[in-house]
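Input: a single structure, listed below in structure tokens.
Scope of the values below: all heavy atoms of this structure, side chains included, with no hydrogens, waters or symmetry mates. Every value quoted in this text rests on a predicted model; they were computed, and no experiment measured them. In the text below, chain A, chain B and the rest are named by the order of the sequence lines, each starting its count at 1.
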Amino acid sequence: MEKGERIELKEASVNYSTGGRNVAALDGVSISIGLNERVSVVGESGAGKTTLGRAVLGLVRLDGGSIEFMGKDMGRMRRRAILDFRRQVQPVFQDPYDSMNPTQNVLQYLSMPQRFLMKSSRAEMREKSESLLETMGLESDMLWKYPHQLSGGQKQRIAIARALATEPRFIIADEPTSMLDASAAAGILNLLRKLAVERDMGYMLVTHNMGVAAYSADRIIVMYSGRVVEDQKTESIVTSPRHPYTSVLIGHAPVSAGVAVNRPTELAGSDADPDAIDPWKLAGCRYSARCTRRLDECTRVVPELKETGGGGRAACHNPLDAE
Amino acid sequence: MSGIVELADLKIIFPTSRGDVNAVDGVTLSVEEGSVFGIAGESGCGKTTIGLALMGIIRKPGRSEGGIRVNGKDVSSMKDEEQRLFRWKEVSMVFQGAMNSLNPVKNIGYQIAEVIRDHSQVTRQKSMEMATELLKKVRLPATILDRFPHQLSGGQKQRVVIAMAIALNPKLIIADEPTTALDVVSQEYVLQMLKAVVEASNSTVVLISHDLSLLAEMCDYIAIMYLGKIMETGRAEDILANPSHPYTLALLDSNITIDKRGKKVESIPGYPPSPINLPRNCRFSDRCAFATSECYESEPPPTTMKDGRTVYCYHPRYEDGEG
Amino acid sequence: MTESRSRFARLFHTEAGTDTVLLRLLHSKSGLVGIFILAALSAVALLSSFIAPYSPYAIVASPYLPPSQSHLLGTDGLGRDIFSQMIYGTRLSLEIGFVSAVGITVIGTVVGVVSGFAGSYVDEALMRFVDVMLVIPSIAFMIFVATIMGPGVVSVLTVIIVFGWPPLSRMIRSQTLSIKRRGFVESAVVSGSPRYYTLFRVILPNMTSLIVANAMLAVIYAIIADASLAFIGLASTNSYSWGSVLYNAQIEGAIYHNGMLWITLPGVAIAITGIAMTLIARAFGDITDPRFSTEGR
Amino acid sequence: MLSTAFFVSASDRATASTSTTSTSGTLTVGIVSPGAITNLNPWLAGGQSAITTDQLRGLFYITLLLQAPNGTLMPQLAQSWSSNANATVYTFNLRPNMEWSDGTPLNASDVVFSFNVLLQNPLFDTLNGFLVASLIKKVTALNSTAVRFTLVHPFSPFLQYAGLGKYIVPAHVFSQVSNLSNYTGSANPVSDGPYMLVNWSAGATVLHYKANPHFYLGKPKIENIAVELLSPTANIPALLQTGEITLAQPTPSQVAGLKGQSNIGVSFSPGVSILSTYFDPAGLLMFDDALYPYNVTLVRQAIATSINRTQIVDLALNSYGTAGSQGQLPTSLTQWIPPNLPNYTFNPAKARAMLQSIGFKNGTNGYLEFPNGTAWQPQIMDTGGSASSVVSVIVQNLKAAGIDASESVVTIGSIVKGLQYGNFDMILLGTSRPPIPDFVLGVFVTNSVTPVGTQELDYHGWARWSNATVWNDLNQARNVSSFTQQYNLYANAQQIMAQQEPLVTLYYAQNIWAYSNATIHGWSKVAPQGYQFPQAPLLMALGVPSASSGSPVNTTYLVIGVIAVLAIIGVAVYAVRKRKG
Amino acid sequence: MSAYGRFLLRRAVYAVITFFIALVMIFIIPRLVAVNPVDIIAASQQLPPSAIRQLTVEFGLNKPVYVQFLLYLKNVILTFPPNLGFSYEYYPISVWKLISISLPWTLFLVGTSVAISAFLGTMMGLYAGMNRGGILDRMMSYAAMTTQSLPYFWIAIVLQILLAVVLRVFPIGGAISITDVSPPYSLPWIQDVVYHALLPMITIVIATTPVYSIIMRNTLVDIVREDYMVAAEAKGLKKSTLYNTYGLRNGILPVVSLIAVHFGYVVGGALLVEIVFSYPGVGTLLFNAILSHDYPLIQGIFFILAITVIGANFIADVIYSYIDPRIRYT
């Protein structure tokens, strides 16, 4: 892989205003993802993981910093360059029930990216759509179906097919399984992984489920309140998380019946009600109010994302030891 | 049998323009007093409908057939006022999505006091005192009383709902996906709260969830549902460790957990049939890896295994348990 | 799937997406009744020159004849046949109704969609203007403008359309805003769809039922507005609509010489049309939004 | 003033004294008015409510003279009058011993005051059309009952202008008012008319009057009058039917419906409008006399010949009117109308032949075309409403004669514009010209034609028909004081106008009054059909209104209604309950 | 500033902007007519040119249009009571005086009717929405369909014929009895006024109640599906609690904002009702002003109507935000 074939976020910031206050959905996020990497971004609601994905796709405007795609600043791209970018980076959205236009059938839906991004002919689009369905393990008569005639799992497969229609190099999948039953989720994740391997394609899987992240990604980026708190290879993050928050997430991740659970039982600061904390109001580390390993400086100084050895990084003044 | 909940071949049908939806299709079960009973299943399997039916809530034009006895009373034949007093006094409920189960235009104190006042002759002041006490039990400060639901976080609202559920010391508490929409840390906190409260009050709990890990942690007994029908029911640890019904097996296998990283998780093949005009054979047969011709012909009768569990299958997998 | 999701999904889904609108309408009882009435009225309008026994303008008998076999509703003060006026009135009223409805729907939809989709200043400017239009008592202003323009079909159509589109554009705008936020619109955007395509081919088709239902209601709004203007004497009196028949009945003191029919029938005709339109709109509503339905689900 | 005063007052004491019954109770009268009366300033009344205002003011402010329907002048405040031979000095002799309603003597100084107000406020003078301010050199009281006007130049219609057009107001009241332009009237104006206003406030829709005991003819027999201002859409037949009002002016079509009702009586007098509910005595069809083909006399004559004026009166006016005369003066002005005026008797075939004789050809569609072969489709403008019925009949008439005419309903603004710039075919106008030959005839003639498309600013408006003889005759008539001389000049002018037909006088409408027998007993005996204003003063002659005029509410029905509503609610509640239970 | 304060400020700014646009429209539209209103007065009165010129100066119509506009703004905004000019028709009475005479009648008529129909409609809608598919729900649905398909004034005419002409239960029109001489605000006067207002009120109530009931009902159909309604049912709350603190309290929110929007519509509809019943309110005044092309009066009436309706909208916004804690406390 050539150098520069990466998506790089440099101090990217996005602000929202909700309920009369400003919230930094992304707060100076700097990460770099290779186009063939399979990464997962994990965090809870409000962590900014969805905003991260949408920012990379160019669907939200940055309030600070920049995002570069293959060395080019996306904020300065012209329309032609944006279309080129869209051909190479495609999303799969969270809600399969909502990602298909109710008034379009599957063929129309799959043809759209080919028509606008590839300038394909009608016949090409038809042929390509059929082969995509086959790839997804769907019958080709599904081309004529409308969304309400499909199940959630089928729709999500078709959403993936749409993303693949332009032969992209990178997929950004935002919670692709959260609206699906467990039994269908595995199928989608397996499919995504299989396609990535076959096509030498990278993806960024945004999820709140550590289990899903660990299952599908080689590298996990953990976010908390708009900041990246840890970024490591999957195996090492699961076995020895460095940031206390990561350890909590892993501790609460679903496990199979019969597997021993080692949950961090006592929560931070005992009398502090975790529900009553507004992390955006904290001056230092946003996790400090809930943290069991809180130091004095945690409440004052924002921890930087530092190398922790083994290629990983964590943003913590008092990280856990590597096992 | 003398369980606190007795369901005898319960059917709940919602007529639609396309035909009758059999949300619950012949469920027989019994819940032992003082136990925690889990109902598991994927979306649309009828578990929430059962929860509501236990309180006598079947929205028109839905109707029920078969028996629902709670605390020795026939729920379906109660008169209006009798039913009203029965609700909450004897059975209360922690709702799925507490976000939306509080009245948005009234403050918390009013809403808790309202339940108390509508069921007993207490003064406004006394009921407010009781509300403060209840909030203390879920570790919420009295200042919450004057707040409106939109001013609280999800976890706080869920705890308010729990406080409300124990307000009248009911014999039975139904908890419908009590933690689904919460962050992991809040989830943990809320679960602790629920456990503590249940233990203190000596109530029976029916816990409805799709999260097998949660059920494994909380429940004494468990019922696995698929398309309005129980597939397997018995002690939680028995069933989750050694599933007997092929559906339970497949469900557990397809559940992505953190310990399954690097392994291949298989989803259940195919899609569930429509709940309208259900087939009169085993409803899992189409997707079952072990199905034989008899599975396609008639519905399997309940089989009681050695460890006391009941399985609705011609070919139970956990052979050792068979009596 | 949560309850709210299924409800939202149903807003836009139909049982069979390939069914034509008409077929879907025929499935619902109320839609069928509505269409039947509308068809009957349209037939009367189209065939008015065959059905009407006389020219509505011709002086054919003595003035103020009571209803009889040769003059079903009697004659007016000039000895013209009121029944024929009603028949021709059907044509003009329906024409005014449908032409206005088309105008209202086109303007309202375009303004609403553009406003909702463009956002920022365009939206702000358009919606402030719409606010004014909504706040001004429209009937009063319509009378005013029609007075300035002079009586006649053209001014009636103009004021009806000018004052009719704002509420629709409001509705369409909020619908556009909510559709704009939905996944499939982003999905189209990342598929490289240009703005015009996103707006008119992706967003707009999802509002078809809403637009059609409102167009039906616009028809009755227009017919009532026409009647109101006619009642003030602002409709053209040399062409008959139900409103001008009613106006004549009122100013000629109909109850004292022709009985109640002359004065009640135009109102009843308007009401019947209105009910038909509402039934059809409701049938569309049933397809799109279960709230309209009285039958439980 | 413009309109003759409302059914009140009298000249003939003898008729008045026939009824001696003293009365109490209230006569309720409905007047259609375009708005509430907010202003009783005797000189200011703009717009269309001016007419109503005049009618209402006419009960408490009256003029020096009155005019009989045939145009004869009759005494009112002035007992007699005279003028010098060259029509420059006029003297009015007032009745002796008159009093204002507050008991103050009414004498020549009041008259002098009244006219001096006009001389000092020219706008007051112009607002009602009878311009006298620029005519009068000076006005002096010769003694307490004689007033002399000295004019700037000879002006023979001055008797009508000053005697009919101007109110006499109490000097002792108005000399106290500092700014007459802002004066809007008082709650209890001091009256010289038969009635006094009781407690009026601006904007009131009901005006209450009380008999004026100081009235020069004696106190009227009906003690109280209440006048309600009705909106133009008011349901007058119903109001009469239910007895809510006793007396009102219905439209002809409303009268047609009332005819069969036993408890309603109808009376009418000529010369006052009924076409619109306002004051439109005559219906005129104006031609654009400067525009081809209407500048061709034969075309105008042909159109006049093709119009069936009797049918218009029969249908559009329900026979409450008379067909118009060709000489432009109302038919009632018998003393001014010469015999043997040219007449255009309805004859469609003849009309067609007349047009064909000057080159109009039969078109393919059966209608006449211009001689050059283009289609001739004249439009007749009107403002809609009841005017439409008239035009509808005309359109049918013209079509029968082969003229493809149609109606064009427009705003009054468009009509004004059309008249100003002279770009129209035909316009239906209703006019409220007082029946004074000078006034009536002068409107439609000019001595120099403004070209079509430029604004006509001649006296009185928009005449484009020019005729030097008529113009001179009318001006001449202003300078002569002898009736014969005037008559000859007017007769000559009428001859020419009837021959040239610059406009078609379609009809003169009748002023219809309908009354409810339920509350006025004996009306028909006293005021038979054909009763004419002002020969038999209504108020003096009226019998006693029924003392039991009573409430229009029928309590039986009220009770039944309430019971029915309660019953329906009861049944509904029962049904709902039963369903639930 | 709190979010609540910001919300109110924003609504106030919107109201002011709306009002300004309305002012401009009210000023411009009559001037789009090419005909000088004085000519029209002159035409109906046959006035000489000198009088026409005098009136033109008197009404300020000889000034350039922008000067007229600035004067107009100055007069209506910086003066109290607003100087709306003189009526052409009722010269020299000021427009403000004319409106102040008729506005109370309309406010009484429309205000009372809106209050009655909003109350009735809300209650009916509440019951129907809580008992969807019940008798009332069905009846209401058909009643609403019918009344909304009928012109206001036709209802007025029919009621007038039935109740006033045939049955004679009510007077045919007007605001007070012609024979009533009792002093204003005395008991018999009030009785008379109420008695005369009943039939117009019944008309407006019949025409508008279904609107409120349908809005309320449709809102409730949504609310009934909300989780908190299911929860309320499960809590075994009393029926009164369920109806009042759940159904009514939540369902009233959209109704409040719709009452305001509806206000303009009712005022417009009341105009026709006023005309049918010869009621001396703003509607009749406007109708007459329009008939006589009295532009200052028309402008003045629209000015007042705009203020009334924009004000009503703003008040509704305030009430809405006050009764919706989600806006009040953020």
Side-chain angles (χ1 to χ4, degrees), chain C residues 2-4 7 127-129 131-149 167 217 220-221 223-228 231-234 243 246 249-250 255 260 263-264 266-268 270-279 282 289-296, chain E residues 14 17-19 21-22 25-26 29-30 32-33 132-133 137-138 141-142 144-155 157-158 161 165-166 217-218 221-222 225-227 261 263-272 275-276 282-283 286-287 290-291 293 298 301-302 305-306 309-310 313:
Chain C
T2 63
E3 169 67 8
S4 74
R7 196 165 79 231
M127 283 306 116
R128 288 288 75 71
F129 181 68
D131 272 354
V132 179
M133 298 294 281
L134 287 177
V135 155
I136 287 170
S138 62
I139 283 285
F141 228 70
M142 271 159 84
I143 294 170
F144 181 33
V145 176
T147 318
I148 288 172
M149 292 183 65
L217 299 178
I220 187 58
Y221 155 80
I223 292 178
I224 290 180
D226 169 60
S228 305
F231 180 68
I232 310 282
L234 290 170
L246 180 55
Q250 172 75 358
I255 45 162
M260 292 287 283
I263 206 157
T264 47
V268 171
I270 292 172
I272 287 177
T273 316
I275 288 169
M277 292 302 169
T278 317
L279 284 175
R282 253 184 214 188
D289 184 348
R291 277 186 312 168
F292 283 106
S293 162
T294 41
E295 298 119 50
Chain E
Y14 278 178
I17 294 175
T18 311
F19 176 62
I21 301 177
M25 281 173 64
I26 290 167
I29 292 183
L32 296 178
V33 212
R132 194 171 160 218
D137 189 18
R138 276 154 208 268
S141 146
Y142 290 115
M145 190 157 68
T146 313
T147 52
Q148 290 187 322
S149 304
L150 281 172
Y152 252 105
F153 62 89
W154 189 80
I155 299 176
I157 292 172
V158 170
I161 292 174
V165 177
V166 177
R217 182 250 180 205
N218 285 351
V221 167
D222 273 353
R225 292 155 182 270
E226 292 285 350
D227 289 347
V261 172
F263 199 71
Y265 171 67
V266 176
V267 168
L271 183 149
L272 293 165
I275 290 169
V276 171
V282 176
L286 176 62
F287 176 58
I290 287 171
L291 284 184
H293 295 256
I298 296 173
I301 293 171
F302 276 110
L305 286 186
V309 178
I310 293 171
N313 273 284

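- The CD1 atom of Ile224(C) sits 6.0 Å away from atom OG of Ser149(E), with the distance rounded to the nearest 0.5 Å.
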Using the side chain to side chain contact (heavy atoms under 4.5 Å, CB included) rule, take Trp154(E) and Ile270(C) through it: C-alpha gap first, then chi angles, then the decisive distance, then the call.
CA-CA 10 Å; Trp154(E) 189 80; Ile270(C) 292 172; over 6 Å; no
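- Here the OG1-CD1 distance, from Thr264(C) to Ile161(E), works out to 8.0 Å after rounding to the nearest 0.5 Å.
- In this structure, Ile275(C) and Tyr142(E) have side chains that are not in contact, with every pair of non-hydrogen atoms separated by 4.5 Å or more.
- Residue Ile272(C): no heavy atom, backbone or side chain, is found under 4.5 Å from chain E.
- Ranking Ile155(E), Ile301(E), Ile26(E), Leu272(E) against chain C, the residue ahead of the rest is Leu272(E), based on heavy-atom pairs under 4.5 Å.
- Both the backbone and the side chain of Ile310(E) come within contact range of chain C, each with at least one heavy atom under 4.5 Å from a heavy atom of that chain.
- Of the inter-residue distances, the one linking Phe129(C) atom CZ with Met25(E) atom CE reads 5.5 Å to the nearest 0.5 angstrom.
- A distance of 7.0 Å separates CZ of Phe231(C) from CD1 of Ile275(E), quoted to the nearest 0.5 Å.
- At a threshold of 4.5 Å between non-hydrogen side-chain atoms, the residues Leu246(C) and Phe153(E) count as touching.
- Interface remark: Met133(C) contributes side-chain atoms only to the contact with chain E (heavy atom separation under 4.5 Å).
- Taken to the nearest 0.5 Å, the OG1 atom of Thr18(E) stands 5.5 Å off from the CZ atom of Arg128(C).
- Atom CG in Leu134(C) sits 8.5 Å away from atom CG in Asn313(E) (nearest 0.5 Å).
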